[in-house]
Structures are given as structure tokens and as C-alpha cells.
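This is the structure I have questions about; it appears just below.
Below, all heavy atoms of this structure are taken into account, side chains as well, without hydrogens, waters or symmetry copies. Just so you know, ligand 1 is whichever comes first in the structure, and atom 1 is the first atom listed for that ligand.
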Amino acid sequence: MKIESIANAIVDFARSRYEQESIPLHRPVFEGNERQYLVECIDSNFVSSVGARVTEFEEQMAAFCGAEYAVATVNGTAALHTSLLVCGVERSTEVLSQALTFVATANAISYMGATPVFIDVDRDTLGMSPAALRTWLEGNSEMRGEARVNINTGARISACVPMHTFGLPIRVKAIAAVCDEYGIPLIEDAAESLGSFVGSKHTGTFGAAATLSFNGNKIITTGGGGMVLTNDPALAKRARHLTTTAKRAHPYEFFHDETGYNYRLPNVNAALGVAQMETLAKILEIKVEIAQGYKALCDDLNIGYLEGLEGTTPNYWLNGIELEDRESRDVILKLTNEAAVMTRPIWRLMTDLPMYADCQHDGLKNSRWLVNRVINVPSSVPESEFYRLQP
Ligand SMILES: *Cc1c(COP(=O)(O)O)cnc(C)c1O
């Protein structure tokens, strides 16, 4: 099939589903109680770091994800930073992660004074490969006393942070098993995978902690926001303490027992979050229909569609299409964007950004292969669909 015909088919598909002139990659839907809860929040005067909506949002999220604890933060990057802090990542240690990710994952590691080491991904999940993780650890690490150490640098390996790319669940059970075997805490970056499950278990519940994001482009949004998930009461308690300036509870005294952070999610954002959570099930249902549409389109066009692994339920946050090579990728990106249908390549690999160019990595063969071929296509929930499903 000619590349121009593929571009036209993608444009036609998007135009048949979305009514906007200019079709974005992902826009939020506010079709529930968002306005009402925001007005109530403003009227209550509790718009900032104290208020009932924050706790309510945390409880909703913990219940939905099947995590014991959820701690809300100002954004997903702050949630990642907090998770690394509570899981014992220290200055001058190394954290295993992905080069194929949004920059926040690597940045949070840098905030700790730690260095990322980039492990390759699997082609079918776009997330960390458990086989590549094991291979790297076998060849490059050993136990010294209680610590797992990189034999090339002498640095302790303090955590492993894989990411569920575009909401496709990774081989997280296998990754958890490798992390266990090598004595490394697992922190899942589940920023993109709210509503994605492995079997019946939600992504973000397989390690010591995990993080979510509610940025404006994510599957639900609080404007800006994030969450730390964990089953460990001590980690949850410390996350809560550190994100609220490490202030000891007291009616009027200001006693802070360590250097904390002002990372608590404001009540006004949480009000939005509570309303969004009420509509999440519907959003996920419509997402499946959009994904099925793209899958059928790609089958017709004889091009690859990123379906995810058998036995997993992706949230289909962003649909991904796999093209023949970089040249056809570039033509399709150009033609679709010129037609005001937004499509996007994957992020630059972290090793292609100046601040991470010198980081250790394992060759990143699949990461490079994917970056040259995969694009994201418009994946929002159309408002008309939303109303169709209203009770
Ligand atoms: C969105 C995102 C984050 C967090 O982003 P914030 O904008 O800080 O909420 C982290 N990691 C990944 C992979 C993301 O996509």
C-alpha cells in the first residue's frame, strides 16, 4: 500500500470519529460532576492543601487499583520523586530504567542525585524487557555485603523503574521476579496506565511502590496531579510526611523533622479528580471501542497495531501504530499533521537528550527499532460517544 494512502486512511478514520477542526492526540472529557465539585470546593474555601476531596480521591484510587494506600501529589513527577525517596534511593546510586520513556522518569532519578542506567524494552510492550534486565544484571552486577553493586562503577543499584508505555502493561510479573532475585526494589511508573490490568491485577501493584499522573493529557486529569501507590504502611506514612513538608501534626506548632517537600495535591485539583474517577469506567469502555477501530483499520492497511500482551487489559490511553521504517513514519507524520490530525513519534530516547547522553545502557536495540517506526494517533474519548453511554 502506498504511504500516502495509509496517511489518508488515518485522517479519514480520525475525521469519522472526532468532530473538531483540528484533532488533538488526547484531550480531557469533563462530562460528569466536574463543574459541580469545583464550585462546591470554591464555596467551601478549602481550595489548597487541606480538604476532604484529597482523602476521597486517594480512597477512590486505592480501591480502584487494589492498592492498600494512595498518596496524592502535585504531579506525576513529584510522585516519582517521592517514591524514589521512600524506597531508599540515595545520592550516587544507580537506578535501572528505560530510555524509551517520557523525560519525567529519568528526571526524578536525577533529582535524587542518582544516575539512570537504561535497559532495553520488548517490542510488543514498549516497556522494560525482563530478559534484558536479567542479562544486564548477570553481566554487570554482584552482591557486596547487603548491596547489589554495578561492577563497572562500584555504585549501588538502588531501584528499578520500568514504565507501562501508552498504557500497555509490561511483563511486570517477570520483572518483579528478577528484581526480587537480585534484591532491587521495584517502582512502577504507571503514569500512563491507570485502568490497565495484568489478569485482574492493576498495573502499579506489583512492586514496592508505583506512581500515577493526572496531567491534562492523561486518561483522567486533575489539571496537574499524581499519586503514589503502595501496600506498605511504612512507605505510605513516610510518603505522606515528606509530601507535606515533613511537618509533625500539631494544632498550631510548626515543627518539621526533616527536609520535606510541598508536594501535596490541592483540594481544588482533587475535586476534579473525584468527578473524573466517577467517569473512568465509561472512559475505559469507549477507549476499547476506539482501539478496536484502529486495530481493524491497521489490519485493512496491513500495518502493525500495538495491541499489548495476551492476558492483559490495556487502557488504550494512546493508540500506537507500527510503520515499515523511519522514512514512511516521517511521511505519515507530515501528511497527517498537515491535515490537522495530530500524530506524534515516540519520545526521543533518553540517551539522545544532552543530560542523559553519557548514561550507561545495554545497546537499546529494540528501543531504537521502535522509535524509528511507532507513531501515536488521536485517541481521545469523543463527546458524542460519551453521551451515548450516559444512563
Ligand atoms: C506523564 C508522565 C509522568 C508524570 O508527568 P507529570 O506531568 O509530572 O504528571 C511520568 N512518567 C511518564 C511515563 C509519563 O507519561
Structural part of T101 in contact with ligand 1, heavy atom criterion under 4.0 angstrom: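 Looking at T101 and ligand 1, just side chain atoms fall under 4.0 Å.
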Can you name the atoms of ligand 1, numbered from 1 with element, that are less than 4.0 Å from a heavy atom of N75?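 Contacts of ligand 1 toward N75, numbered from 1: 8 (O), 9 (O).
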Is D124 paired with R171 through a side-chain N to carboxylate O contact shorter than 4.0 Å?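 A salt bridge links R171 with D124.
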Kindly identify the option in G226, A191, S193 whose heavy atom sits closest to atom 12 (C) of ligand 1.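 Going through G226, A191, S193 one by one, A191 has the nearest heavy atom to atom 12 (C) of ligand 1.
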Which protein non-hydrogen atom lies closest to atom 15 (O) of ligand 1, naming both residue and atom, and how far is it?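 Atom 15 (O) of ligand 1 sits closest to the protein heavy atom E192 OE2, 2.5 Å.
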Check this for me, if you would: do R238 and E258 make a salt bridge, where the nitrogen-to-carboxylate-oxygen distance has to be below 4.0 angstrom?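 So R238 pairs with E258 through a salt bridge.
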What protein heavy atom is closest to atom 1 (C) of ligand 1, reported as residue, atom name and distance in Å?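 Protein heavy atom at minimum distance: K218 NZ, 1.6 Å.
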With heavy-atom distances below 4.0 Å as the criterion, list the atoms of ligand 1 near M163.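 Heavy-atom distances to M163 below 4.0 Å select 13 (C).
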Examine the side chains of Q36 and E40 and answer whether a donor and an acceptor come within less than 3.5 Å of each other.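 Checked: Q36/E40 side chains pair up, N/O donor to acceptor below 3.5 Å.
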Is it true that R264 and E58 make a salt bridge, defined as a side-chain N closer than 4.0 Å to a carboxylate O?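 Looking at R264 and E58, the cut-off is met.
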Cationic N near anionic O, under 4.0 Å, E285 to K282: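 K282 and E285: not salt-bridged.
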Within the 6.0 Å centroid threshold, strictly below: F57 and F214: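 Ring centroids of F57 and F214 are less than 6.0 Å from each other.
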Part of D189 with heavy atoms under 4.0 Å of ligand 1, whether side chain, backbone, both or neither: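 The side chain, only.
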So, regarding F102 and ligand 1 (criterion: nitrogen or oxygen to nitrogen or oxygen, under 3.5 Å), is there a contact or not?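 By distance alone, the answer is no.
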Starting from atom 8 (O) of ligand 1, find the nearest protein heavy-atom neighbour and note its residue, name and distance.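 Result: T77 OG1, 2.5 Å.
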Any nitrogen or oxygen of S213, side chain or backbone, less than 3.5 Å from one on ligand 1?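 N/O-N/O distance below 3.5 Å exists for this pair.
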Under a 4.0 Å N-O cut-off, is there an ion pair linking K334 with D330?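 Judged by the 4.0 Å cut-off on N to carboxylate O distance, K334 and D330 do not form a salt bridge.
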